[in-house]
Chemist: 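The structure's right below; bear with me while I get my questions together.
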Amino acid sequence: MATTNEFIQYVCEQISDIGCVTYKKMFGEYMVYLNGKPVLTVCENTVFVKKLECLQDLMLDADLGFPYKGAKEHYILNIDDSDFSKEVVKQVEKVTPMPKKRNSHS
């Protein structure tokens with residue numbers, strides 16, 4: 001089951017007041033960005049966060065899962081806890097580089 005439009009909107013609303021939150025549809029699912037940096041992967045109405053060293057203590061009790069076939073194991077974020085989700089996303093944004101611009105070939 002693919003992520004619903006309502007769910008991706010809800011995810012963005014939960015973290016909306018910490019910066020510029022946007023999302024892009026990718027491979028039928030979604031990537032959520034904070035201030036231009038990819039911070040969350042949303043697949044099948046589940047929010048995934050990369051297993052980063054800066055999140056080890058915060059995500060101690062988090063479930064683990066794979067957002068898509070072939071992906072590395074990720075933390076599963078409880079997006080219903082808005083304050084906690086914002087803290088996690090802020091930590092991810094701090095250590096995530098801006099994506100490189102792709103050259104468009106005509």
Side-chain angles (χ1 to χ4, degrees):
M1 171 190 83
T3 297
T4 62
N5 195 41
E6 292 79 18
F7 188 75
I8 193 66
Q9 297 287 335
Y10 174 69
V11 169
C12 292
E13 284 167 20
Q14 289 295 87
I15 59 170
S16 64
D17 60 355
I18 59 171
C20 177
V21 177
T22 57
Y23 64 89
K24 279 187 189 165
K25 196 163 190 151
M26 294 185 150
F27 315 112
E29 293 292 353
Y30 295 92
M31 179 65 71
V32 176
Y33 297 82
L34 176 62
N35 301 324
K37 296 178 179 183
V39 291
L40 300 173
T41 304
V42 182
C43 300
E44 298 183 358
N45 285 354
T46 304
V47 182
F48 295 92
V49 183
K50 242 186 215 174
K51 286 177 82 175
L52 299 168
E53 207 174 301
C54 62
L55 297 178
Q56 277 180 332
D57 294 339
L58 265 178
M59 300 297 281
L60 224 41
D61 299 327
D63 288 334
L64 301 171
F66 298 90
Y68 50 88
K69 191 176 171 148
K72 290 181 178 168
E73 191 173 54
H74 283 56
Y75 294 119
I76 295 176
L77 181 63
N78 175 10
I79 198 67
D80 294 331
D81 184 339
S82 181
D83 291 338
F84 180 72
S85 294
K86 289 175 194 173
E87 187 53 42
V88 168
V89 169
K90 283 192 251 183
Q91 294 302 317
V92 173
E93 190 220 8
K94 278 184 201 172
V95 300
T96 302
M98 286 297 280
K100 291 183 172 76
K101 296 273 183 229
R102 293 182 181 211
N103 293 336
S104 55
H105 299 285
S106 334

Chemist: Do the side chains of Leu34 and Ile15 get nearer than 4.5 Å, heavy atoms only?
Modeler: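 Counting from C-beta outward, Ile15 and Leu34 never come under 4.5 Å.
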
Chemist: So, the side chain of Thr22 versus the backbone of Gly36: is there a donor-acceptor pair under 3.5 Å, distance only?
Modeler: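 Flag not set: sc Thr22 to bb Gly36 has no pair under 3.5 Å.
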
Chemist: Taking atom types as modelled and ignoring hydrogens, do the side chains of Tyr23 and Gln9 form a donor-acceptor contact shorter than 3.5 angstrom?
Modeler: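 Indeed, the side chains of Tyr23 and Gln9 share at least one donor-acceptor pair under 3.5 Å.
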
Chemist: How about NZ on Lys86, more than 12 heavy atoms from neighbouring residues, nucleotides or ligands closer than 6.0 Å, or not?
Modeler: yes

Chemist: Does some side-chain heavy atom of Lys50 sit less than 4.5 Å from a side-chain heavy atom of Val92?
Modeler: no

Chemist: Say you draw a straight line from CD1 of Ile79 to CZ of Phe84; how long is it, rounded to the nearest 0.5 Å?
Modeler: 10.5 Å

Chemist: Atom CG in Asn45, atom CD in Glu29: separation rounded to 0.5 Å?
Modeler: 8.0 Å

Chemist: Rounded to the nearest 0.5 Å, how far apart are CD of Glu73 and CG of Leu64?
Modeler: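 Result: 4.0 Å between the selected atoms.
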
Chemist: How long is the straight-line distance from CG of Leu55 back to NE2 of His74, given to the nearest 0.5 Å?
Modeler: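 Spacing of NE2 (His74) from CG (Leu55) equals 11.0 Å.
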
Chemist: Could you give the distance from NZ (Lys37) to CE (Met98), rounded to the nearest 0.5 Å?
Modeler: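 One finds 7.0 Å between NZ of Lys37 and CE of Met98.
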
Chemist: Is Thr3 reaching over with its side chain to a backbone N or O of Glu44, donor-acceptor style, under 3.5 angstrom?
Modeler: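 Side chain of Thr3 to backbone of Glu44, a donor-acceptor pair under 3.5 Å: yes, one is there.
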
Chemist: Do Thr41 and Met31 have side chains that approach each other closer than 4.5 Å (heavy atoms only, starting at C-beta)?
Modeler: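 Yes, their side chains come closer than 4.5 Å.
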
Chemist: Do the non-hydrogen side-chain atoms of Ile8 and Lys25 ever get within less than 4.5 Å of each other?
Modeler: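 In short, these two side chains do not touch, never coming nearer than 4.5 Å.
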
Chemist: Distance from Leu58 atom CG to Gln56 atom CD, nearest 0.5 Å?
Modeler: 11.0 Å

Chemist: Would the distance check show the side chain of Glu93 and the main-chain N or O of Val39 forming a donor-acceptor pair, the cut-off being under 3.5 Å?
Modeler: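 Between the backbone of Val39 and the side chain of Glu93 there is no qualifying donor-acceptor contact (under 3.5 Å).
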
Chemist: Any side-chain heavy-atom pair from Glu13 and Val21 closer than 4.5 angstrom?
Modeler: no

Chemist: Are Leu40 and Val49 side-chain neighbours, meaning at least one heavy-atom pair lies under 4.5 Å?
Modeler: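 Touching, per the 4.5 Å side-chain cut-off.
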
Chemist: Given side chains that start at C-beta, do those of Thr46 and Pro67 come closer than 4.5 Å, heavy atoms only?
Modeler: no

